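Only heavy atoms go into these numbers, but all of them, side chains included; no hydrogens, no water, no symmetry mates. Nothing here was measured: the structure is a model prediction, and the numbers come from that model.
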Amino acid sequence: MSNPTTTNPEREGAKGIPPLSVTFHDDPAVVAESATEDYTTHVMPKSWRSGRWSLVMAWGSMFGAVFWLYIAAMVAATVGTTNALIGIAASVLVWGGINYVLSQYAIRTGLTVALLSRRLFGLVGSLLAPLIFAATATYYSVFEGSVVAQALHSYFGVGDIRLWYLLVVLYSIPLVMGGVRTWLDKLNGALLPFYVIGMAALVIWASVKHPASLSLPDQRTDLAAPGWVWAFTVYMGVWVLMMYTVDFARFGKPADIKFHRTFTFGPVFYTLTLLVNGLIGIFLAATVPGVLGLGGITETGMVNAITGTMGVFGLLLIVISQTRINSANLYLASSNLEAFVSRVIPFKLHRAVFAVAAGVLVYIIMLTDVFSYILRALNWQGVFVVAWVGIALTHIVLTRTKETLPEFRPGRLKAFTPAVAVWLVVSLLGIYLVEGAGTVGATWSAPITLALSVVGYAIAFRFDSLLHRDNDPRDEVDDVWEARIRCHACEKSYIAVEIDRDPSAGYKAICSACAASRPGFHAAARRDAEPTAQLAN
């Protein structure tokens, strides 16, 4: 139901500022744009949230991947099956608990990782978060895409591997041109039954061809920790999924929050993803000859085990599983690349540009000697991600009764917050532990990074990081989630939650995305906050 545009003449007369142009329906231009953009640089309005099962299908792309089989088998081949399963079970509990909290927050606020990071680190300090997120998602896309290319190349035995890499990238890019609601949920929903049936067939087929086993011996040397603890810390290296959770969970409807935090993003999902997939991976490593070789377990070995067991059906299973997870990887790589670039250039580019750019980056990295450096790069980024998770969780806990509406608008934030120093110092210490502190450092870097980030942010949070300004559009409407306010810069209407006043343009209304990239806006906002700060003192 739409209401006519309204203004606020009393406000205009009292303050001498322009009235707001308010409507109570979605702007048609914004809706058309969101079919591909998914509000990447804006708050997700409730009108664009996905249905319960639509979101389950979209996020379910993370469930099926050869990587989950590989990492469980690799861990079990190092510390034995028993220690691996204890570590995986502990990961299920911790991952489920963390994502229970993060998904609930993302659904309630509609924020992306990039927007949440603004509140944590300030307008400029937050630039690193979407850049690290985009880079990590790109690297995982390289991994998963390479699995498909290697499987195709190995099975057909023809052509240069670079052509197979190109084929995988070319068919992946169109899959992420549309948004989650437009295409990804439907794609992954259609492929999910094939993955589930395929994995069941793989287990049965392997059991018929070979003596079934789950037993892998403990072959560790000095890991500086009990085997199950080491297994748990290995899984901490994949905590980028916590960031994935935030960017996907914001599509959830508030009415479905209990379902999503428990089932879609919480303990149920990770029981299936980590434990069930992990059991299959350990089973293949212990059952199928050749998976566990002299050099240990590799993703290539796991691929060969699948195709060697099931033939062409195994190849189809790999293509289906990797297409599902790679659609999520490439989607998040492109959307976070867009979130980063939109902050550093003063004009907007179509989402297709970032989808192609992400695909090109993936292909270029595939052409290099990727495995000589990508694991180190992921280890470094993993430290930054673990620190980000610790800071984000601490912020959510500390503000749970104080911050009904999170402040992420550029004109209400300082350029940097004390949390930037916490993030950088703790992350650099974590990298030092990984690179320069031997086995102890490599094993304990992630837990130490997490603990220090939590303590560090709890201290930094005591120092106010906001700009206190008057003339807040949130105070001028009755419902900040239903009222749409027209932005003077882009001339589109967005929900009042993200709208601010632009002191560089006569206090006209401005959306969060325009405010972040508009030259001179933040300087004007800082000047506008000075009288308020003086009165407060």
Side-chain angles (χ1 to χ4, degrees), residues 43-44 46 49 59 93-123 125-126 128-130 132-133 236 239-254 256-267 269-270 336 339 384-409 412-414 417-423 426-427 446-447 449-466 474 480-481 497-498 512:
V43 177
M44 180 73 71
K46 294 178 180 178
R49 305 298 178 95
W59 176 247
L93 294 175
V94 173
W95 286 44
I98 290 174
N99 287 295
Y100 181 99
V101 174
L102 291 177
S103 61
Q104 177 173 271
Y105 185 83
I107 292 170
R108 181 172 66 82
T109 64
L111 298 184
T112 62
V113 164
L115 294 181
L116 171 56
S117 295
R118 282 189 199 168
R119 177 64 182 90
L120 302 177
F121 308 112
L123 182 61
S126 64
L128 186 60
I132 288 177
F133 193 175
M236 287 186 75
W239 273 22
V240 72
L241 253 72
M242 315 306 184
M243 287 181 155
Y244 280 45
T245 291
V246 173
D247 272 20
F248 267 90
R250 69 193 183 103
F251 285 89
K253 295 180 179 180
D256 296 328
I257 198 166
K258 291 182 179 179
F259 174 83
H260 287 313
R261 70 188 182 187
T262 302
F263 183 85
T264 311
F265 301 101
F269 174 79
Y270 286 107
N336 279 275
F384 276 96
V385 169
V386 167
W388 183 92
V389 171
I391 290 171
L393 282 176
T394 307
H395 176 81
I396 293 170
V397 170
L398 292 177
T399 60
R400 67 188 184 280
T401 60
K402 303 174 183 177
E403 198 175 73
T404 55
L405 288 175
E407 189 53 87
F408 57 89
R409 293 171 296 176
R412 309 278 166 170
L413 302 173
K414 294 180 180 179
T417 72
V420 174
V422 174
W423 193 21
V426 169
S427 297
T449 297
L450 178 66
L452 291 178
S453 66
V454 170
V455 174
Y457 186 76
I459 295 172
F461 183 75
R462 299 177 61 185
F463 301 92
D464 186 21
S465 60
L466 301 178
R474 290 180 178 178
V480 295
W481 285 100
V497 168
E498 70 167 79
S512 176

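Between H395 and P406, the closest side-chain pair of non-hydrogen atoms is not below 4.5 Å. Side chains of I107 and K253 form no contact here, defined as non-hydrogen atoms less than 4.5 Å apart. The shortest side-chain heavy-atom distance between L393 and L102 falls under the 4.5 Å cut-off. Contact of the R474 side chain with the E498 side chain is not registered, since no non-hydrogen atoms from C-beta on lie closer than 4.5 Å. Between L111 and V246, the closest side-chain pair of non-hydrogen atoms is not below 4.5 Å. You'll find the side chain of T112 reaches within 4.5 Å of the side chain of L115, heavy atoms only. In this structure, F133 and V385 have side chains that are not in contact, with every pair of non-hydrogen atoms separated by 4.5 Å or more. For the pair I396 and Q104, the minimum side-chain heavy-atom distance is 4.5 Å or more.
Side-chain polar atoms of W388 and S427 form no donor-acceptor pair below 3.5 angstrom. Using a 3.5 Å distance cut-off with no hydrogens or angles, the side chains of T417 and R119 do not pair a donor with an acceptor. Side-chain contact check for T245 and N99: at least one donor-acceptor pair (N or O, by modelled atom type) lies under 3.5 Å.
The aromatic rings of W423 and F384 stand perpendicular to each other, their planes meeting at an angle above 60°, with 30° marking the opposite boundary. Taking the six-membered ring where tryptophan is involved, the planes of W95 and Y270 are perpendicular, since the angle between them exceeds 60° and thus also 30°.
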Under the criterion ring-ring contact (aromatic ring centres under 6.0 Å, His included), I'd like the reasoning laid out for F259 against F263: C-alpha separation, chi angles, the key distance, then a yes or no.
CA-CA 6 Å; F259 174 83; F263 183 85; 5.0 Å; yes
For a side-chain contact (heavy atoms from CB on, under 4.5 Å) check, start with the C-alpha distance between F248 and T264, then their side-chain angles and the critical distance, and finish with the verdict.
CA-CA 10 Å; F248 267 90; T264 311; over 6 Å; no
Go through it in stages, so that I can follow the logic: the residues are R250 and T109, the test is side-chain contact (heavy atoms from CB on, under 4.5 Å), and I'd like the CA-CA distance, side-chain angles, deciding distance and then a yes or no.
CA-CA 7 Å; R250 69 193 183 103; T109 64; over 6 Å; no
Check step by step if side-chain contact (heavy atoms from CB on, under 4.5 Å) holds for L116 and F408.
CA-CA 7 Å; L116 171 56; F408 57 89; over 6 Å; no
Can you check side-chain contact (heavy atoms from CB on, under 4.5 Å) on R261 and S103, steps first, answer last?
CA-CA 6 Å; R261 70 188 182 187; S103 61; 3.6 Å; yes
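Among all heavy-atom pairs drawn from M242 and I98, the shortest one is SD-CG2, 3.9 Å. The nearest pair of heavy atoms linking A446 to V386 is O-CG1, 3.6 Å. Contact between A387 and V426 at its shortest, heavy atoms only, is CB-CG1, 4.3 Å. The minimum heavy-atom distance linking V422 with A460 is given by the pair CG2-CB, 4.0 Å. The shortest non-hydrogen separation linking S126 to F121 is N-CB, 3.8 Å.
Rounding to the nearest 0.5 Å places NE2 of H260 at 13.0 Å from CZ of F269. Note that the CG atom of L241 and the CZ atom of F265 stand 10.5 Å from one another [nearest 0.5 Å]. Distance check: S117 OG to L123 CG gives 12.0 Å after rounding to the nearest 0.5 Å.
With sequence neighbours excluded, the residues satisfying side-chain contact (heavy atoms from CB on, under 4.5 Å) with R108 are Y105.
Proximity of the aromatic rings of W59 and F251 is defined here by a centroid distance below 6.0 angstrom, and this criterion is not met.
Side chain of N336 to backbone of A114: no donor-acceptor contact under 3.5 angstrom is found.
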